[in-house]
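Single-structure report; data block below.
Every number for a ligand or one of its atoms is a count from 1 in the order of the listing.
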Amino acid sequence: MSLQRTLSIIKPDGVAQGNVGDILKRFEEQEFQIKALKMLHLSPQQASGFYAVHRERSFFQDLVRYMSSGAVVVVVLEAPDAVVRLRELMGATDPRQAAEGTLRKLYATSIEKNVVHGSDSDENARREIQYFFSDSELLD
Ligand code: CMP
């Protein structure tokens, strides 16, 4: 598989718990290259726009409130098969289902406060990267 990019967000619980350094280290240990990175405090409007695909879901309002409750770290990662490999490293959405050694098993406390986001497809990765980064902010 050729190189692919994906978007990760270290969510407000990950930042508040002090997991940023360890999560970035694990990305690098797994040979993801960091191609862009920024710390943001999302507005409710930014969080709603990012998660627009979930707007009909029962948990949407809570998700927007949570994602705009504190700082996040937004990261563009590059690796062969990056979308699937990042999702493996994160573990299942619900930390109770997440495999041993995954980021969510290690750090997540609930299905909502699940520490980290990763794009679920190549198409969504492109959209999500563009949502947060201009071309000039992305390394070649
Ligand atoms: P993420 O992978 O960022 O994509 C959507 C997010 O919605 C998900 O992680 C969780 O934080 C949240 N989410 C998904 N399912 C539920 C649920 N059943 N209840 C509450 N939050 C959820």
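Below 30°, between 30° and 60°, or above 60°: for Phe59 and His54 the angle between ring planes is between 30° and 60°, a tilted geometry.
Scanning all protein heavy atoms for the shortest distance to atom 17 (C) of ligand 1 gives Phe59 CD2, 3.4 Å. For atom 19 (N) of ligand 1, the closest non-hydrogen atom of the protein is Ile111 CG2, 3.6 Å.
Counting heavy atoms from C-beta outward, Asn124 and Val53 have side chains that stay 4.5 Å or more apart. Proximity of Val74 to Tyr131: side-chain heavy atoms (C-beta onward) are nowhere separated by under 4.5 Å.
Taking all heavy atoms of Met67, Arg87, Arg104, Met90 into account, the minimum distance to atom 2 (O) of ligand 1 is reached by Arg104.
Remark: ligand 1 atoms within the under-4.0 Å shell around heavy atoms of Leu63 are 6 (C), 7 (O), 11 (O), 12 (C). Listed by number with element, the atoms of ligand 1 under 4.0 angstrom from any heavy atom of Tyr51 are 1 (P), 3 (O), 4 (O), 5 (C).
Under the 6.0 Å distance and 45° angle rule, Lys38 does not count as a cation-pi partner of Phe132. By the 6.0 Å and 45° rule, Lys113 stacks over the aromatic ring of Tyr66.
Closest non-hydrogen pair, Val15 versus Ala71, comes out as CG2-O, 3.4 Å.
Only the side chain of Lys11 comes within 4.0 Å of ligand 1, judged by heavy-atom distances. Residue contacts with ligand 1 for Lys113 are absent, since no atom lies close enough (heavy atoms, distance under 4.0 Å).
For ligand 1, the polar-atom distance check against His117 finds a nitrogen or oxygen pair separated by under 3.5 Å. Of the polar atoms of Tyr66, none of the N or O atoms is found under 3.5 Å from an N or O of ligand 1, judged by distance alone.
Heavy atoms from other residues, nucleotides or ligands lying under 6.0 Å from CD of Glu123 number 12 at most.
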